[in-house]
Amino acid sequence: VSDEAVCTLQIYPRFAIKPGQGCILRVPKEATATTVIKTAVATLGMDTSKPYILVEVQEYGGEEWVLQASDQPVQRVLLWPRKAQDKHPQSDGYFFALQEGSYDGSIQYDVMTSVRQEKVAQGLANRGFVTQQPQEYDDLCNLPELTEESILGTLRHRFHKQKIYTFASNILIAVNPFKFLPIYNPRYVKMYENHTLGKLEPHVFAIADAAFHTMLNKQVNQCIVISGESGSGKTQSTNFLIHCLTALSQKGYTSGVERTILGAGPVLEAFGNAKTAYNNNSSRFGKFIQVNYLESGVVRGAVVEKYLLEKCRLVSRGKTERNYHVFYYLLIGASEEEKDEFKLLRPEEYHYLKEEIPISEDQAEMKHEFRRLHQAMEMVGFLPPTKKQIFSVLSAILYLGNVTYEPKVVAEGLKVGPDRVLSAISDLLKVKVELLVEALTTRKAMTANDTLILPYSLSEAITARDSMAKSLYSALFDWIVLRINHALLNKIDLEESVPCLSIGVLDIFGFEDFKTNSFEQFCINYANEQLQYYCNQCIFKLEQEEYMAEGIIWHNIDYPDNIGCISLFSKKPTGLFYLLDEESNFPQATDSTLLEKFKQQHQNNPFFVQTPVRVPAFVIRHFAGKVKYQIKDFREKNTDHMRPDIVALLRSSECSYLRQLIGANPVAVFRWGILRATIRTLAVFNEAGRSWAEKHPVFISFLNISDLGLGSIRELHAKVLQSLKQFGGEVPQKLRLSTISIVLNVILLFSVQNLIDSHSLKFIMGLTQHNRATRSLLRLHTKKKPPSISTQFQASLSKLLETLRKAEPFFVRCIRSNGDKREMHFDDALVLQQLRYTSMLQTVRIRMSGYGAKFTFKEFTDQFRVLLPKEISTPQQDITNLLTKMGLPSSSFQIGRTKVFLKESERQILQEALHKEVMRSIIILQRWFRACLMRKQYLREREGIITIQVLFVWLARGCLVINSATFPGPRRNPTIKISRATRVQEKWNASLDREITDSNELHHLDEFLGNQVCVVDVYSSLNPNIGYKDLMSGYQKRVASLAGLKKASEVPLVVNLFQSVLDGFIRGELKRLETEPCKVKERNRRKSKRDKCPDGPLGHLFSTYQVTIMQSCDQCSSYIWGMEKAFMCSSCKMVCHKKCLSKITVNCTGHCDRKKEGEQTLHFGVPLCALVRTADSVPFVMEKMLVHVEMNGLYTEGIYRKSGSACRAKELHHILEKDPQAVSLDNYPIHTITGLVKLWLRELPDPLMTYSLYNDFLYAADLPEASERLRAIYRKLDELPPSNFSTLERLIFHLVKVAKEEAHNRMSANALAILFAPCILRCPDSSDPLLSMKDINKTTLCVEILINEQTRCYNQKMEEIQQLENAEAMAINQLKLRRQSTFVLMLRIISMYLYCTVQNLFRLWFRNELAFRLPEFEQDSSDAENMDSESLVSSESLLEDHFVSLNSEGQY
């Protein structure tokens, strides 16, 4: 308000024109709405004949009032808040709106679109009508108020919007929805690739990408720790992480390791996961997958380490739980032939499975999972025979549960049965029934002098039966893990040491608290205690200790410490594990004595809760709550080793695969397997030799062992021993002393080289902690007991924690949303409990208060050198000045004694400032460099112009003097009259305008000329349209160069002779084409149809895609199950079913649409797909420039190194943009055209080798071996869009032609790669310029590899062509020699024909010369008539006359 009488109003019109623009009016206080409307309409220049209304808007309250004609707007303003009264902009929520009304007085409310729904809801919430919704935060560190309620409310709000991921700085919180969400397709991998953590919506792919690029940038190993209780989704998160890591690493050459890694997941899940009360796919073992990379990011290999398989689940479990998945997959999914082969029954007929809940509802899914398992096992490398052996063992394990016992009637002991079960087990395991019955009913006891055989009691027999089943399944699982690791091993690592990086993904069993908790839960929860301690160390303790050591201002944050609970388990000598091992070694100890010892030693421990005396259980207070453990079977499960009797039984099996399973040392089993196979092969050869000797006794005397070139028997024996040492280590003593025949040596030297090397097995055994001590009782007389299960578990867990401490961690906290496995149900109490015991409130508080980015002074100065002063004297002060100068808050950074601490948001601001400064410096350097080039070019052109001007003035003066002296009078221009011979010449020239567009026509021309002129030398074969006029011009130049100055007068005669022969050929070709119109039309129709055929629907480039994790079809939104085949667009990463390809309606976002018919487009800076009509064509401008360079510039020195005139380049650029068809490139210097070639490539919106494949080509170029690099690059070339591929192919072929003339143009393949790599393989504009500068060598190498490889192919092809031409020439010469004796008359006729042709053509040429040299002679009408009559005998009828004359001469 300016004064008391006049007020200011701001009116916002609601019209299609000028939307959102307000007009300011100064009106009196008493002005009515009618007055304000008239003033506003006049000010805005609106149509005064239409009715208008004035609306008062209060957006925050969600209210609008239409002012009546007598209402006073100024009075309404005085009722608004004080802040909105002054200028009341639209952003404040209080304003006036002007809109059209209706003639009948009604109001069109449908045009009132300014009230936004969110502000309406906010206004209603403020007034108490609805419950206020919390503001959505994707990072808990951004919460304005940090409490447990605010964290829980944020997670709940996002969960109900199906946003299951939330950040807490760099920690990801994942709430399990118990439902598949379509957010894991390949386009999401592409979306999160190379993005700063936190810039996009939280996702598990963001963590994978951050770990991958942190590893590459810092060259430090990374690990991703996934924690959470059972049922929180850890296994699924692991699958998503592995899927993303392999997708990020599939750059260039895919060695097969990625495929093996993806196939290992389903195999391990089938054999190691089961359905529990809390989780349908619960991991009953722990695994740590370590993926190894080269320093460039290419996968090198991987290692899978497993921990504590829950073997007791095989024989007993809860009522609502199931056995391992693989049993149900096999029984439900096997075919009828497989069921007969493996003797399979229905699931309810097996004792180990019949306790389960009904599985009829899951049968369709299990059949699919069995097919998926088959495919995954093939990906890992299991052959069909191996799969059959595995399924046989599984079937035998199930049959073991059906073995029953009953006391014998007569003798002591037990009777085992039924017989059909024993027979089935015997057939499946390839063991004798007698030995099987003995192992299941008796045991052996060792004494000082003898071995006793004692019968089992009923309970002991059942225990022995179950022990055999558990040991066999555990051995099978260990063997599968071993073979997976062998498939993941890179064999080169055994021969050479290559520096590698790694990313480890830990998926270990979650915290468990069931109704009945036993020894397995005891170990599992101890592992979770250790994992929780590791997280606390990384997040709290080490972080705060570093702050204190650096001397920065910091207030310590308290956090719960669980070291006391860990000590309860593992502290010597009274820890629970040590007490358990001690009691397990006492023969008279029981579970009750063990419980008493627990209570006695830890009765005062706050983490050990006492239980009543009669309750066989104890309680431990874990970080996640109290857990009650049943003491039953603790001792037995801690010493559950493979029994010697069972080992002896399985060793007697005829199946070699079964003997491999029970071997304590895989290397020893492998070594003895080689020896056993060798001896058996020797026996077969010996038997075959004896049989042959009996049938052919005559030839025995002629055989001599020296004929084989292997020396004496003693030397042969030495070679055999050496071979065994190479492949199996130590040689048995018996073999050292034996005499081996020559056949054994041949087998060892040649056959064994293709088997698995024992060195690789030793290498794997050194990397992994396989639980093979349970199968170490191969010798019954040994007294040394193997380590207990708890001891092995602690050792492997210690090694795991040691590996984690050597890497930089990323954390994924998985949260179980509810305890009933209900889809999209959020249980507040359960989630809050998990947030509390994981210390999420303290975690968010330290992440919010702490500093996510840390740099040493050297690291900071190296990375941000561009922003710092040139001379750095005191790093602390210079860094502080920089951060203060940039306006960063003092609370967002601190400078310690040796490090700089920054908030993550401030680090990103600093990174963006660095990027801008680097780009500014690059632009300045480019500007100065271009200025220097232009200045140098200007001085050179100026000097040339001055020289030309001086010469021109001198010549002009000389010519004036000569003309004035020689021709003093005016000069007469005589009239030139064209003779008929000249008109014949014009007709010839008209016929020469034809172009050769058919390869057959060119072939016919070559045959017609009789190899008298080389067409390829006259005209470049690269031009798709060869013109006869250009051919004639080239021939004239060639004849002139051969004739020289002395015979220059004879050149026209020879040229006219050739032109007459060429004219005859043209007329013959025209007649031939007239007789074949149908074939040409059909060929053109097929070509047109092929040109119009699209490469894919709406620009997509689909290829077959192997799905490894469940995904959703982007077209129909239905599921795509794991191991199914789908189609994926290589550009936009769209995934769909094959049946959905024809239903796609969305354009490819990676490439533009095809150019429509008649659409006018430019030629520079336009997407490539808009410049071509067909996928395999090259843009016209590019083809035109390349052809011209190949015709005129291949011998120009520095053809692409030197730059042309900028003015001429701009002129040509403008003409090519306007009308490329009409421009003549002959008028421009060759360097101007070559500069435009590079400019055309640089201005493409997406380069020829595409932004999406930029990193792929870099990784391919960085592979260690040349063959791998070449193969990887060409694999990625196949993924280019067709238009890019064809254009790149044409360009590389052009560069090959340039490099072939390196002796003249001084342009080698390396020089061309340096010049063209920034044009065709450039990084995206969003990339860090400092990092992209490091990639210059890789991009150059990639282009150079392409040029060199195509040069090799070109030379090879030319050699083949030369060989064919030589063979053709030899054949022609032989034919000529044979025909000379029989076709003398024909040669005489041909010579006469040529003589007459030359004579007549000479006559025509003479007349033409006469008319040309004497233009002033005028002809009489009679002479003209005679000439006209004679001219009827044109070149068209000359050949016919000559044939008539030759025929008559022949008759004569």
Is a donor on one side and an acceptor on the other found under 3.5 Å between the side chain of [X] and the backbone of [Y]?
X       : Y       : result
Glu148  : Arg836  : no
Thr320  : Ala277  : no
Asn176  : Ser817  : no
Asp1114 : Cys1136 : no
Thr843  : Ser839  : yes
Gln521  : Ser518  : yes
Asn323  : Leu314  : yes
Asp820  : Arg822  : no
Asp139  : Ser169  : yes

Exercise for the section: Would you please indicate yes or no on a ring centroid separation below 6.0 angstrom for Phe205 and Tyr188? Expected result: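 Ring centroids of Tyr188 and Phe205 are no less than 6.0 Å from each other.
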
Practice task
Report yes if the distance between the aromatic ring centroids of Tyr137 and His157 is under 6.0 Å, otherwise no.
Solution key: no

To the nearest 0.5 Å, how far apart are [atom1] in [X] and [atom2] in [Y]?
X       : Y      : atom1 : atom2 : value
Asp507  : Thr235 : CG    : OG1   : 4.0 Å
Leu398  : Leu344 : CG    : CG    : 8.0 Å
Asp209  : Leu241 : CG    : CG    : 11.5 Å
Cys1113 : Asn185 : SG    : CG    : 8.5 Å
Leu245  : Ile207 : CG    : CD1   : 11.0 Å
Lys306  : Ile289 : NZ    : CD1   : 15.0 Å

Can [X] and [Y] be counted as having a side-chain donor-acceptor contact under 3.5 angstrom?
X       : Y       : answer
Tyr184  : Gln236  : no
His1137 : Gln1115 : no
Tyr837  : Gln833  : no
Ser283  : Lys234  : no

Testing the basics here: between [X] and [Y], what is the closest heavy-atom pair and its distance to 0.1 Å?
X      : Y       : result
Pro186 : Val1135 : CD-CG2, 3.3 Å
Pro809 : Tyr534  : CB-OH, 3.5 Å
Ser474 : Lys311  : CB-CD, 3.4 Å
Ser237 : Val204  : O-CG2, 4.3 Å
Asn170 : Phe810  : O-CD2, 4.3 Å
Phe180 : Met1110 : CE1-O, 3.0 Å

Heavy atoms, side chains only, cut-off 4.5 Å: are [X] and [Y] in contact?
X      : Y       : answer
Arg187 : Met1134 : no
Phe382 : Ile480  : yes
Met377 : Ile390  : yes
Ile173 : Arg158  : no
Leu146 : Ile151  : yes
Asn528 : Phe623  : yes
Glu529 : Tyr533  : no
His368 : Glu1124 : yes

Any ion pair linking [Y] and [X] (charged N to carboxylate O, less than 4.0 Å)?
X      : Y      : answer
Lys179 : Glu823 : no
Lys626 : Asp513 : no
Lys190 : Glu193 : no
Glu520 : Arg284 : no

Exercise for the section: Would you please test Gln290 and Thr803 for side chain to side chain contact (heavy atoms under 4.5 Å, CB included) and show each step? Expected result: CA-CA 10 Å; Gln290 180 174 305; Thr803 304; 3.8 Å; yes

Handout entry: Leu155 and Ile815: CA distance, side-chain angles, deciding distance, side chain to side chain contact (heavy atoms under 4.5 Å, CB included) verdict
Key = CA-CA 10 Å; Leu155 295 179; Ile815 304 294; 5.6 Å; no

Problem - Aromatic ring pairing His160/Phe826, orientation class (parallel under 30°, perpendicular over 60°, tilted between) - result: perpendicular

Exercise for the section: Test Glu269 against every option in Thr238, Val326, Asn281 by the side-chain contact (heavy atoms from CB on, under 4.5 Å) rule and name the one that passes. Expected result: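 Going through the options one by one, the only one that passes is Asn281.
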
Practice task
Quick one: do Cys223 and Leu506 satisfy side chain to side chain contact (heavy atoms under 4.5 Å, CB included)? Show the steps, please.
Solution key: CA-CA 8 Å; Cys223 66; Leu506 176 62; over 6 Å; no

Name of the residue among [options] meeting ring-ring contact (aromatic ring centres under 6.0 Å, His included) with [X]:
X      : options                        : result
Phe370 : Phe391, Phe327, Tyr328, Tyr329 : Phe391
Phe514 : Tyr278, Phe522, Tyr629         : Tyr278
Phe285 : Phe509, Phe477, Phe793, Phe271 : Phe477

Exercise for the section: Give a yes or no on this: more than 12 heavy atoms of other residues, nucleotides or ligands lie within 6.0 Å of atom NZ of Lys632. Expected result: no

Problem - NZ/Lys387: more than 12 non-hydrogen atoms of other groups inside 6.0 Å - result: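 Counting other residues, nucleotides and ligands, NZ of Lys387 exceeds 12 neighbours.
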
Exercise for the section: Tell me, with the steps shown, if Glu369 and His325 meet side chain to side chain contact (heavy atoms under 4.5 Å, CB included). Expected result: CA-CA 9 Å; Glu369 290 295 340; His325 292 325; over 6 Å; no

